[in-house]
Structure formats: structure tokens, C-alpha cells
Amino acid sequence: HAETSDRLVLFATSGRFYTLPCGRLPRGRGHGEPLRLMFDLGNDEDIVTLFVHRPGRSLLVVASDGRGFLVSEDAVLAQTRQGRRVLNVASRVEAQICVPAEGDTVAVVGENRKLLLFPLSEVPTLTRGRGVRLQRYREGGVADARAFVLADGLAWQSGGRERRERDIDPWLGKRGQAGRMAPRGFPRNNRFG
């Protein structure tokens, strides 16, 4: 839900953020309008996420090669239709994850089902760049990432209900390590939610 005074923020696979005032959205009648016409979104770009801007919040942005960083949500607002490049991606790498950085620990799971947990303080805050390696992969890349409160345990959706793992010591490590196989019951699609 958003109000007409709010702004929508769109994050694309190119690593660009686009901003749209909610007051410019088409009204409820009619067939709507494609988002690609509201922004200068390239045909080779896909939408990673779309959310309502919340001032003062931090975001965790991650590319498919496992590199990422924290960025202030206020710093990603774009003034033009061309958007603002924040995450620099190389060829065959695309932006894949943008989630709120609320908590004290980062959980990263790779396509190889290896899970790594490390302190959020090990992730730098940048305004633009490639970021640092969050998790190391022999082959494949990142599947999902999220920030959470360590004392609450790591939670994920499984079969329509939430499952929470409180004994997470085996997966704790340092940023840039490979991690260990995800716990029993972790979703096969390697996603937290």
C-alpha cells in the first residue's frame, strides 16, 4: 500500500534504481500502463523488485556473482527517467537481490545450496560500486540473501508456513567464505521467502 505522496523505487537487473512518484501512476480505471513506458528501462533489463521508498532505511544489494554492499535508500532515488546506476555489474553478471538491511546478521545461500551467515558489520556501505564478495562459489552464483536478527534465529517459508532454525552456529562464518549445506527442511528453490 502506498499514498499519492509516496515514491516507488524499482531495482533492475542492470544495477539501476528508478524512482516514480505514486501520484503519476495511472488511475484505477482502464487497462493500466506498462512500467517500461514510465521509465527508460531497456529491453534487456528485467525488474528485480519494486517497493515503496522509506527514508533512512538501508538496503542490501547483491549481484548474481555473490558481490554486494549496503546502500542508503535515500541515495538510490533517481531524479531522471534514466535512473541511477548503483550496483556496477560486469558482463554475464546481473543485479539479483535488493532487500532491506534490518538486523545484525546476513544470510546468503548459493545455487549450490550452501548457506553462510556473517555479521552485517562486515558489509561496507557504498553509494556506488561492485561491492565485496559476500559468498565464494566454485560454480554457479547466489540464490538468495537477507538480513535478520541473530537472536531471533533464521526463518524461511516452507510449505505455506514459517520455519525457524535457532541453532545456527554451524553456518556462522566470515564474509567471503563458501558456507555449509543448508539445514534439513530448507526449500529446494534455495529461497528464504
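If you're wondering where the values come from, they're calculated on a predicted model, not measured in any experiment. Side chains included, hydrogens not; waters and symmetry mates left out as well; all remaining heavy atoms used.
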J.: Quick one: salt bridge (Lys or Arg N to Asp or Glu O under 4.0 Å) pairs with a partner in residues 139-162, sequence neighbours left out?
T.: E162-R164

J.: So which atom in A147 and which in P100 form the shortest heavy-atom distance, rounded to 0.1 Å?
T.: CB-O, 4.0 Å

J.: Please give the remaining members of the hydrophobic cluster of L134, linking ILVMFWY side chains under 4.5 Å, ordered by chain and number.
T.: L60, V62, L70, I97, V99, V106, V108, L116, F118, L120, V123, V132, Y137, V142

J.: Can V52 be reached from I47 by stepping across I, L, V, M, F, W or Y side chains whose heavy atoms are under 4.5 Å apart?
T.: yes

J.: Determine whether F148 and I168 make a side-chain contact, defined as any pair of heavy atoms from C-beta on separated by less than 4.5 Å.
T.: yes

J.: Counting only pairs under 3.5 Å, give me each side-chain donor-acceptor contact of residues 181-193, with atom names and distances, residues two or more places apart or in other chains.
T.:
{"from": "N189", "atom 1": "OD1", "to": "R191", "atom 2": "N", "distance (Å)": "3.1"}
{"from": "N190", "atom 1": "OD1", "to": "R113", "atom 2": "NH1", "distance (Å)": "2.8"}
{"from": "N190", "atom 1": "ND2", "to": "E111", "atom 2": "O", "distance (Å)": "3.3"}
{"from": "R191", "atom 1": "NH1", "to": "A143", "atom 2": "O", "distance (Å)": "2.3"}

J.: Nearest heavy-atom pair of A95 and L87: which atoms, and what distance?
T.: CB-CD2, 3.8 Å

J.: In Å and rounded to the nearest 0.5 Å, what is the CG to OG1 distance from L154 to T105?
T.: 9.5 Å

J.: State yes or no: do L8 and L35 share one hydrophobic cluster built from I, L, V, M, F, W and Y residues joined by side-chain heavy-atom distances below 4.5 Å, directly or via other members?
T.: yes

J.: Once salt bridge (charged side-chain N to carboxylate O under 4.0 Å, His left out) is applied, do any residues pair with D104, and if so which ones, sequence neighbours excluded?
T.: none

J.: Would you say the side chain of D167 lies within less than 4.5 Å of the side chain of E165, judging by non-hydrogen atoms?
T.: yes

J.: Could you tell me if the side chain of N88 sits less than 4.5 Å from the side chain of R128, heavy atoms only?
T.: yes

J.: Mind jotting down which residue pairs meet the salt bridge (Lys or Arg N to Asp or Glu O under 4.0 Å) criterion with at least one end in residues 8-19? Sequence neighbours excluded, please.
T.: none

J.: Listing request: all ring-ring contact (aromatic ring centres under 6.0 Å, His included) pairs with a residue in residues 7-29, at least two apart in sequence or in separate chains.
T.: F11-F17, Y18-F39

J.: R24: what forms a salt bridge (charged side-chain N to carboxylate O under 4.0 Å, His left out) with it, not counting sequence neighbours?
T.: none

J.: Between L59 and V86, does the side-chain contact (heavy atoms from CB on, under 4.5 Å) criterion hold? Intermediate values first, please.
T.: CA-CA 11 Å; L59 301 171; V86 174; over 6 Å; no

J.: Not counting sequence neighbours, which residues clear salt bridge (charged side-chain N to carboxylate O under 4.0 Å, His left out) with R136? List them please.
T.: none

J.: Which pairs pass side-chain hydrogen bond (donor to acceptor under 3.5 Å, both in side chains) with one or both residues in residues 57-72, sequence neighbours excluded?
T.: R57-E73

J.: Please collect all ring-ring contact (aromatic ring centres under 6.0 Å, His included) contacts where either partner lies in residues 48-70, sequence neighbours excluded, each pair once.
T.: none

J.: If you compare all heavy atoms of T19 against all heavy atoms of A78, which two are closest, and at what distance to 0.1 Å?
T.: OG1-N, 2.8 Å

J.: Of all residues at least two apart in sequence or in a different chain, which pass the salt bridge (charged side-chain N to carboxylate O under 4.0 Å, His left out) check with R180?
T.: none

J.: One pair to check against side-chain contact (heavy atoms from CB on, under 4.5 Å): M38 and L25. What are the steps and the verdict?
T.: CA-CA 9 Å; M38 296 179 195; L25 289 172; 4.2 Å; yes

J.: Under the side-chain hydrogen bond (donor to acceptor under 3.5 Å, both in side chains) test, which residues partner T80, sequence neighbours left out?
T.: Q82

